[in-house]
Participant: 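Structure provided below as structure tokens; questions to follow.
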Amino acid sequence: MSALLPVAEALARILAGAKPVEPETMPITAAAGRTLAEDVRALRTQPPFATSAMDGYAVRAADVAGASPEAPVRLTVTATSAAGHGARGPVGPGEAIRIFTGAPLPEGADTIVIQEDTLPEGDAVLARVGNPPGRHIRGSGLDFREGDRLLTAGERLDGWRVALAAAGGHPTLRVRRRPRVAVLATGDELVRPGEPADWDQIVASNGLALAAMAEAAGAEAIDLGIAGDTFADLEAAITRARDAKADLLVTLGGASVGDHDLVQSALTRQGLDLGFWRIALRPGKPLMHGRLGPMAVLGLPGNPVSSVVCGLLFVQPLIRALLGDPDAGADRSEPGLLGRDLPANDGRQDYMRAALDTAPDRLPVVHPAERQDSSMLSVLARSEALLIRAPHAPAARAGDPCRILRLDRGL
């Protein structure tokens with residue numbers, strides 16, 4: 001029997017065949033969550049003019065030099081400048097313009113005396129401190145200048161990146177379309193949630209998890225339902241995936257070697273170009289990867305935890321690659337400290353469900369669950385991270401360094 005493929009090599013092979021999907025133009029109001037297809041450069045300077053950073057009075061620094069509470073300087077107030085209603089000035093000797101945060105700096109003024117350091121006196125104001133030039137002023141272009149690169153192709157647009165693009169003058173953005181990910185559960189033992197189940201059946205849950213994970217990574221999930229353990233059922237579902245122009249078909253279950261595990265055979269009958277099958281991973285050993293023409297195929301194990309772990313390690317990075325993320329395959333693990341002793345590991349890379357004990361002044365302490373059965377969703381749902389153990393890792397003691405992959409709950 002050939003050696004099992006290491007996890008890192010499996011991921012590299014999966015990503016090697018991924019080409020970004022085509023771009024499309026989206027209004028910026030609908031761009032959150034999308035991935036940029038090209039760099040975004042500023043179409044304007046921000047701020048386009050010098051502005052006041054505080055409420056107060058725009059004055060000439062020379063006029064208030066030496067001002068103090070004991071010897072305030074009296075200035076005549078000639079106008080008011082507010083955001084959207086600026087006063088151009090000019091501010092002459094012995095004059096001040098009342099100004100509010102974000103308002104344009106009037107011509108002639110070169111400093112702001114904040115209102116807490118003034119006293120009103122009729123149509124004048126008493127400046128009780130002296131300020132150097134530039135105090136409380138935001139210069140033109142403080143944030144960015146026209147032509148500056150604001151965002152880079154491959155970045156995913158969260159709220160603040162959308163805001164930055166909008167501030168740069170962009171009403172629309174070129175983004176990658178959402179990759180279409182078809183999710184197919186397989187097995188005669190499965191029924192949909194809410195459907196009556198016979199005594200030897202269970203509710204299909206993996207497909208819901210993988211669809212949610214695909215959407216969270218930026219894809220459009222296509223529910224292909226449940227295919228029974230017949231070639232007719234499986235091939236009909238594969239045809240539906242092709243008709244939907246799926247970029248990726250994710251099958252759940254049926255990828256092992258049992259008499260009822262027909263997925264790989266059905267895909268082969270449809271023309272599958274098999275990349276690999278079975279990797280040195282626990283949970284998730286019977287992972288399958290290949291292509292059906294332009295459609296990538298990932299065959300995941302049927303056990304719920306196995307399918308979710310494979311979703312984290314392979315499905316989501318592949319989606320990121322299809323979106324043009326240059327860091328799609330980046331190592332997202334982080335250091336931690338073991339919370340209990342562990343025996344030596346065997347030849348597979350292990351991902352153990354674990355809770356975290358965190359504090360601001362130290363690395364998280366990692367507490368692997370006692371029960372690691374790959375069928376137990378309840379353990380996974382309570383876990384905060386996956387503890388990563390390398391193949392053939394020696395026995396470890398509590399307090400030893402380790403690596404973890406945090407489970408992202410930000411759906």
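For the numbers below, each heavy atom of this structure counts, side chains included, while hydrogens, waters and symmetry mates do not.
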Participant: Between CZ of R382 and CG of L377, what distance do you get to the nearest 0.5 Å?
Facilitator: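 Here the interatomic distance stands at 11.0 Å.
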Participant: Within the 4.5 Å heavy-atom criterion, are F144 and L150 side-chain neighbours or not?
Facilitator: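 They are in contact (side-chain heavy atoms under 4.5 Å apart), so the answer is yes.
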Participant: Could you state the interatomic distance from CD1 (I222) to CG (L224), rounded to the nearest 0.5 Å?
Facilitator: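 Reported to 0.5 Å precision, the distance equals 7.0 Å.
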Participant: Output yes when a side-chain donor or acceptor of R135 lies under 3.5 Å from a complementary backbone atom of I112, and no otherwise.
Facilitator: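 Flag not set: sc R135 to bb I112 has no pair under 3.5 Å.
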Participant: Indicate yes or no for a side-chain donor-acceptor contact from R353 to the backbone of Q372 under 3.5 Å, with no hydrogens or angles considered.
Facilitator: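 Confirmed, R353 side chain pairs with Q372 backbone.
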Participant: Distance-only, no hydrogens or angles: does the N206 side chain make a donor-acceptor pair with backbone N or O of G302 under 3.5 Å?
Facilitator: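 Yes; judged by distance alone, with no hydrogens or angles, the pair exists.
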Participant: Is a donor on one side and an acceptor on the other found under 3.5 Å between the side chain of D117 and the backbone of I114?
Facilitator: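 Between the backbone of I114 and the side chain of D117 there is no qualifying donor-acceptor contact (under 3.5 Å).
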Participant: Check whether any side-chain N or O of S52 sits under 3.5 Å from a backbone N or O of A103 as a donor-acceptor pair, and report yes or no.
Facilitator: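 Flag not set: sc S52 to bb A103 has no pair under 3.5 Å.
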Participant: Would you mind reporting whether V366 and L356 have side-chain heavy atoms less than 4.5 Å apart?
Facilitator: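 The answer is yes, as the side chains (C-beta and beyond) meet within the 4.5 Å cut-off.
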Participant: Could you go step by step and tell me if R269 and L234 meet the side chain to side chain contact (heavy atoms under 4.5 Å, CB included) rule?
Facilitator: CA-CA 11 Å; R269 286 164 53 140; L234 290 166; over 6 Å; no
Participant: Do you know which two heavy atoms are closest between I28 and H170, and how far apart they sit?
Facilitator: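 Closest approach of I28 to H170: CD1-O, 3.3 Å.
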Participant: Checking T186 side chain against L252 main chain: does a donor-acceptor pair fall under 3.5 Å?
Facilitator: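 Answer holds: yes.
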Participant: Please say whether more than 12 non-hydrogen atoms of neighbouring residues, nucleotides or ligands are located less than 6.0 Å from CZ in R332.
Facilitator: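 For R332, atom CZ is crowded (more than 12 foreign heavy atoms under 6.0 Å).
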Participant: Say whether, by atom type as modelled, one donor and one acceptor occur between the side chain of D325 and the main chain of D327 under 3.5 angstrom.
Facilitator: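 Confirmed, D325 side chain pairs with D327 backbone.
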Participant: Determine the minimum heavy-atom distance between R242 and L292, stating which atoms define it.
Facilitator: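 It is NH2-CD2, 3.4 Å.
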Participant: Could you check whether any side-chain heavy atom of R176 comes within less than 4.5 Å of a side-chain heavy atom of L322, counting everything from C-beta outward?
Facilitator: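 Counting from C-beta outward, R176 and L322 never come under 4.5 Å.
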Participant: Nearest 0.5 angstrom please: L387 CG to L338 CG, how far?
Facilitator: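 Result: 6.0 Å between the selected atoms.
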Participant: Using modelled atom types only, decide if a donor and an acceptor are shared between the side chain of D188 and the backbone of G228 within a distance under 3.5 Å.
Facilitator: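 No: the side chain of D188 does not pair with the backbone of G228.
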Participant: Evaluate salt bridge (Lys or Arg N to Asp or Glu O under 4.0 Å) for D273 paired with R291, printing each intermediate quantity in order.
Facilitator: CA-CA 5 Å; D273 180 11; R291 297 197 71 85; over 6 Å; no
Participant: P364 versus I404: any side-chain heavy-atom pair under 4.5 Å?
Facilitator: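 The answer is yes, as the side chains (C-beta and beyond) meet within the 4.5 Å cut-off.
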Participant: Would you sort out whether R161 and D158 count as a salt bridge (Lys or Arg N to Asp or Glu O under 4.0 Å), showing the intermediate values?
Facilitator: CA-CA 5 Å; R161 287 179 172 87; D158 49 31; 2.4 Å; yes
Participant: Would you say that D247 contacts R180 through its side chain, given a criterion of any heavy-atom pair below 4.5 Å between the two side chains?
Facilitator: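 A side-chain contact under 4.5 Å exists here.
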Participant: Please give me the minimum heavy-atom distance between A42 and R145, naming the atom from each residue.
Facilitator: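 What the structure gives for the nearest pair is CB-O, 3.5 Å.
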Participant: Looking only at heavy atoms, which two atoms of L318 and A296 are closest? And how far apart?
Facilitator: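 Smallest interatomic distance, heavy atoms only, reads CD2-CB, 4.3 Å.
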Participant: With a distance cut-off below 6.0 Å to the six-membered ring centre and an angular limit of 45° from the axis, does R389 pair with Y351 as a cation-pi contact?
Facilitator: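 Verdict for Y351: no cation-pi partner in R389.
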Participant: Between R403 and S333, do the side chains contain a donor N or O and an acceptor N or O under 3.5 Å apart?
Facilitator: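 Short answer, yes.
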Participant: Please check this pair: side chain of R278 against backbone of P286, looking for a donor-acceptor N/O pair closer than 3.5 Å.
Facilitator: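 No; zero donor-acceptor contacts below 3.5 Å.
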Participant: Run the side chain to side chain contact (heavy atoms under 4.5 Å, CB included) check on T25 and R174 step by step: do they pass?
Facilitator: CA-CA 5 Å; T25 300; R174 291 287 282 172; 2.9 Å; yes
Participant: Among L300, I14, V183, which residue meets the side chain to side chain contact (heavy atoms under 4.5 Å, CB included) test with V315?
Facilitator: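 Single pass found, and it is L300.
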Participant: Should the pair R362-D357 be classified as a salt bridge under the 4.0 Å nitrogen-to-oxygen rule?
Facilitator: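 Between D357 and R362 there is a salt bridge, with a charged N closer than 4.0 Å to a carboxylate O.
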Participant: For the side chain of T111 and the backbone of P132, is there at least one donor-acceptor N/O pair under 3.5 Å apart?
Facilitator: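 Indeed, once roles are kept as given, a pair shorter than 3.5 Å links the two residues.
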Participant: Minimum heavy-atom separation for G399 and L337, please, with both atom names.
Facilitator: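 For G399 and L337, the tightest heavy-atom pair comes out as O-CD2, 3.7 Å.
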Participant: Please report the C-alpha distance between L312 and L386 in whole Å, then the side-chain angles of each, then the deciding distance to 0.1 Å, and finally whether the side chain to side chain contact (heavy atoms under 4.5 Å, CB included) criterion is met.
Facilitator: CA-CA 10 Å; L312 289 168; L386 299 174; 3.9 Å; yes
Participant: Given side chains that start at C-beta, do those of Y57 and V64 come closer than 4.5 Å, heavy atoms only?
Facilitator: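 Y57 vs V64: side chains apart.
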Participant: Any side-chain heavy atom of V40 within less than 4.5 Å of one from E155?
Facilitator: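 No - every pair of side-chain heavy atoms lies 4.5 Å or more apart.
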Participant: Would you say the side chain of L190 lies within less than 4.5 Å of the side chain of I202, judging by non-hydrogen atoms?
Facilitator: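 Result yes, sub-4.5 Å side-chain heavy-atom pair found.
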Participant: Drop me the distance from L4's CG to R348's CZ, to the nearest 0.5 angstrom.
Facilitator: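 Reported value, rounded in 0.5 Å steps: 7.5 Å.
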Participant: Among side-chain atoms of N303 and S375, is any donor-acceptor pair under 3.5 angstrom?
Facilitator: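 N303 vs S375: no donor-acceptor pair found between side chains.
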Participant: How far apart are the closest heavy atoms of P301 and G284, and which atoms are they?
Facilitator: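 Closest approach of P301 to G284, heavy atoms only: CG-CA, 3.7 Å.
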Participant: Working to the nearest 0.5 angstrom, can you tell me the gap between F314 CZ and L281 CG?
Facilitator: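 The distance works out to 5.5 Å.
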Participant: In this structure, are over 12 heavy atoms from other groups packed under 6.0 Å from R371 atom CZ?
Facilitator: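 For R371, atom CZ is not crowded (no more than 12 foreign heavy atoms under 6.0 Å).
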Participant: Carefully, step by step, assess E384 and L407 under the rule side chain to side chain contact (heavy atoms under 4.5 Å, CB included).
Facilitator: CA-CA 5 Å; E384 299 165 279; L407 295 172; 6.0 Å; no
Participant: Ion pair present between E24 and R34, side-chain N to carboxylate O less than 4.0 angstrom?
Facilitator: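 Salt bridge: yes.
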Participant: First locate atom OG1 of T152, then atom CG of D39, and finally report the distance between them rounded to the nearest 0.5 Å.
Facilitator: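 Going from the OG1 atom of T152 to the CG atom of D39 covers 5.0 Å.
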